[in-house]
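Quick notes on the structure that follows.
Counting from 1, the numbers follow the sequence of the chain as shown.
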Amino acid sequence: KTKEYFGRRIIRTLGKLGNDKSRLYTKYTTDILLTIDDEKDSSNPEKTSKVSYIYNSETRNYTRVEDNTWYDSFSNYRAFYYILYANSTRYKLKPKGTRWQCVAPFMPGEAVQPLREEAFAALWNQAPEDVIRILSHSNCLRVSDFALFVFQNNAAFKELITENDIIAFIKNNSAKTQQLGFDLAKEKYTVDTAPTLLIVALLLSKIEEARAFAQQCVDKQPDKFANDSELISTILLSTNLSSHTWLEGFLLKNKAQVDTLKKVLNDIFAAIESNQFVLKENYISSLSKVLETCFKEALSKIDPEIIFSL
């Protein structure tokens, strides 16, 4: 009951802020949406059935009638549904209901055309910073899709995008947000002007075209990037094995200084020693191949005891 009370109170508070056209509405709702995590909070759709029997006086028989109600993922999160679907024709919350339910004929998993279904859409149209923050940090695909659609419906938002925003988009879990980040990168930069941090993010992207673009950037200044220990370390410490393969070929064509490679090795050893990530067999194999091929001279200058201790 306490949880139900607070849930209703949150929605009442948000409704008041929205009706008052308060700037705090999108700020508070952004904070709420960013707490939702697909891995931790998602639930499977659920169906409940209510069976009744209707008597037919003419046939003197009973007809079985089954009334099905579908609940989509996250249906227990009332504030979540209120924020995203208050104006939806797909979902509703019955008076005194505790869960948002699907409105027939819609069923969970059905493809739908993107629509502005959220509460107080006009306020979101005036909140580019909050929309950009969601796109940068959301761990929920529904939330990311919502923010993306608002962004796409407000062309002026694009003018506020920074390099850091683009990098955050590219690193986001949502494939659509990643693609948005790459599209913005191509609009804002050429292979000659892309900054290093963006290039690194693109090199580690899951989008093949993005990696190809970044590789073209690197090929424009091979001597610089062949001796950029931070770039090399970041790639080798990532689990993007295709980037390992590219880096191996790049370093074979563009010889790095031994001191650069020693810095990279120190970064790798420090990361392994501090248990920053789980060493999986395919990662170890990929990393070992690059080190064996491109770091022979640098490895020869590392204290063997350091290597053996790992």
Side-chain angles (χ1 to χ4, degrees), residues 18 21-38 83-84 113-221 224-225 228 230-231 234-235 238 240 243:
K21 297 181 172 55
S22 171
R23 173 67 181 84
L24 292 176
Y25 173 77
T26 57
K27 181 182 182 300
Y28 289 163
T29 50
T30 294
D31 290 340
I32 292 172
L33 293 176
L34 288 179
T35 65
I36 305 298
D37 188 312
D38 280 337
I83 295 166
L84 296 185
Q113 290 295 324
L115 294 171
R116 296 292 297 273
E117 302 175 291
E118 74 273 18
F120 306 108
L123 295 181
W124 285 106
N125 293 338
Q126 301 167 21
E129 296 87 356
D130 292 323
V131 173
I132 291 170
R133 186 154 70 97
I134 292 174
L135 288 169
S136 297
H137 303 295
S138 173
N139 289 314
C140 174
L141 292 182
R142 285 201 192 195
V143 174
S144 295
D145 286 349
F146 152 71
L148 177 62
F149 197 52
V150 176
F151 185 90
Q152 291 171 335
N153 277 264
N154 289 275
F157 286 12
K158 189 185 298 186
E159 304 304 317
L160 302 176
I161 292 294
T162 66
E163 175 193 340
N164 288 337
D165 295 329
I166 294 175
I167 291 172
F169 292 178
I170 292 168
K171 292 181 176 180
N172 191 267
N173 292 330
S174 164
K176 294 177 183 177
T177 305
Q178 293 167 20
Q179 186 63 53
L180 172 64
F182 178 46
D183 291 341
L184 292 170
K186 287 188 296 182
E187 289 181 24
K188 194 175 180 67
Y189 304 102
T190 68
V191 293
D192 296 305
T193 62
T196 300
L197 290 178
L198 175 60
I199 292 172
V200 172
L202 291 170
L203 284 171
L204 299 178
S205 171
K206 296 178 181 179
I207 302 171
E208 184 177 353
E209 187 184 352
R211 297 196 301 272
F213 178 87
Q215 291 162 14
Q216 291 177 38
C217 297
V218 171
D219 287 338
K220 287 283 185 176
Q221 303 180 71
K224 171 188 173 181
F225 290 109
D228 188 328
E230 185 176 353
L231 178 143
T234 301
I235 292 174
S238 79
N240 191 319
S243 292

Minimum-distance pair of heavy atoms, taken over all atoms of [X] and [Y]:
X: D31; Y: T35; result: O-CG2, 3.2 Å
X: T190; Y: F213; result: C-CZ, 4.0 Å
X: T177; Y: S144; result: OG1-CB, 3.9 Å
X: R133; Y: L34; result: NH1-CD1, 3.6 Å

Are side-chain heavy atoms of [X] and [Y] found at a separation under 4.5 Å?
X: I167; Y: V200; value: no
X: W124; Y: T30; value: yes
X: R211; Y: N240; value: yes
X: F157; Y: V150; value: yes
X: L33; Y: H137; value: no
X: T29; Y: L123; value: no
X: I134; Y: F146; value: yes

Item checked: The single option from K224, E230, Q221 passing side-chain contact (heavy atoms from CB on, under 4.5 Å) against T196 ->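 Option passing the side-chain contact (heavy atoms from CB on, under 4.5 Å) with T196: K224.
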Euclidean distance, [Y] [atom2] relative to [X] [atom1], rounded to 0.5 Å:
X: S136; Y: N164; atom1: OG; atom2: CG; result: 9.0 Å
X: I199; Y: Y189; atom1: CD1; atom2: OH; result: 10.5 Å
X: I170; Y: L204; atom1: CD1; atom2: CG; result: 10.0 Å
X: D192; Y: Q216; atom1: CG; atom2: CD; result: 10.0 Å
X: K206; Y: Q179; atom1: NZ; atom2: CD; result: 13.5 Å
X: F151; Y: I161; atom1: CZ; atom2: CD1; result: 4.0 Å

Margin query: Has S243 got a side-chain atom pairing as donor or acceptor with I235's backbone, closer than 3.5 angstrom?
Written below: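 Here the side-chain-to-backbone pair does not exist.
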Note to self: Before you tell me yes or no, could you show the steps for I132 and T162 under side chain to side chain contact (heavy atoms under 4.5 Å, CB included), namely the whole-Å CA-CA distance, both residues' side-chain angles and the distance that decides it to 0.1 Å?
What the structure shows: CA-CA 10 Å; I132 291 170; T162 66; over 6 Å; no
Item checked: Carboxylate-amine/guanidinium contact D130 R23, below 4.0 Å ->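 Salt bridge: yes.
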Check: For R116 and N125, what are the C-alpha separation, side-chain angles and deciding distance, and is it a side chain to side chain contact (heavy atoms under 4.5 Å, CB included)?
Finding: CA-CA 11 Å; R116 296 292 297 273; N125 293 338; 3.0 Å; yes
Next item on the list: Could I get the full list of side-chain contact (heavy atoms from CB on, under 4.5 Å) partners for A210, not counting sequence neighbours?
Entry: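 In terms of side-chain contact (heavy atoms from CB on, under 4.5 Å), with neighbours along the sequence ignored, A210 is linked to F182, L202, S205, I207.
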Next item on the list: Could you tell me which residues satisfy side chain to side chain donor-acceptor pair (under 3.5 Å) with Q215, sequence neighbours excluded, listed by chain and number?
Entry: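 For Q215 there are no side chain to side chain donor-acceptor pair (under 3.5 Å) partners, ignoring immediate neighbours.
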Margin query: Listing request: all salt bridge (Lys or Arg N to Asp or Glu O under 4.0 Å) pairs with a residue in residues 164-181, at least two apart in sequence or in separate chains.
Written below: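 Counting only pairs at least two positions apart or across chains, the salt bridge (Lys or Arg N to Asp or Glu O under 4.0 Å) contacts touching residues 164-181 are D145-K176.
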Next item on the list: May I have the step-by-step check of side chain to side chain contact (heavy atoms under 4.5 Å, CB included) for N139 and D38, ending in yes or no?
Entry: CA-CA 6 Å; N139 289 314; D38 280 337; over 6 Å; no
Check: Within a reach of under 6.0 Å around CD of E187, are more than 12 heavy atoms found that belong to other residues, nucleotides or ligands?
Finding: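 More than 12 heavy atoms, drawn from other residues, nucleotides or ligands, come within 6.0 Å of this atom.
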Margin query: Set out, in order, the CA-CA distance, both residues' side-chain angles and the distance that settles side chain to side chain contact (heavy atoms under 4.5 Å, CB included) for L135 and N172, then state yes or no.
Written below: CA-CA 8 Å; L135 288 169; N172 191 267; over 6 Å; no
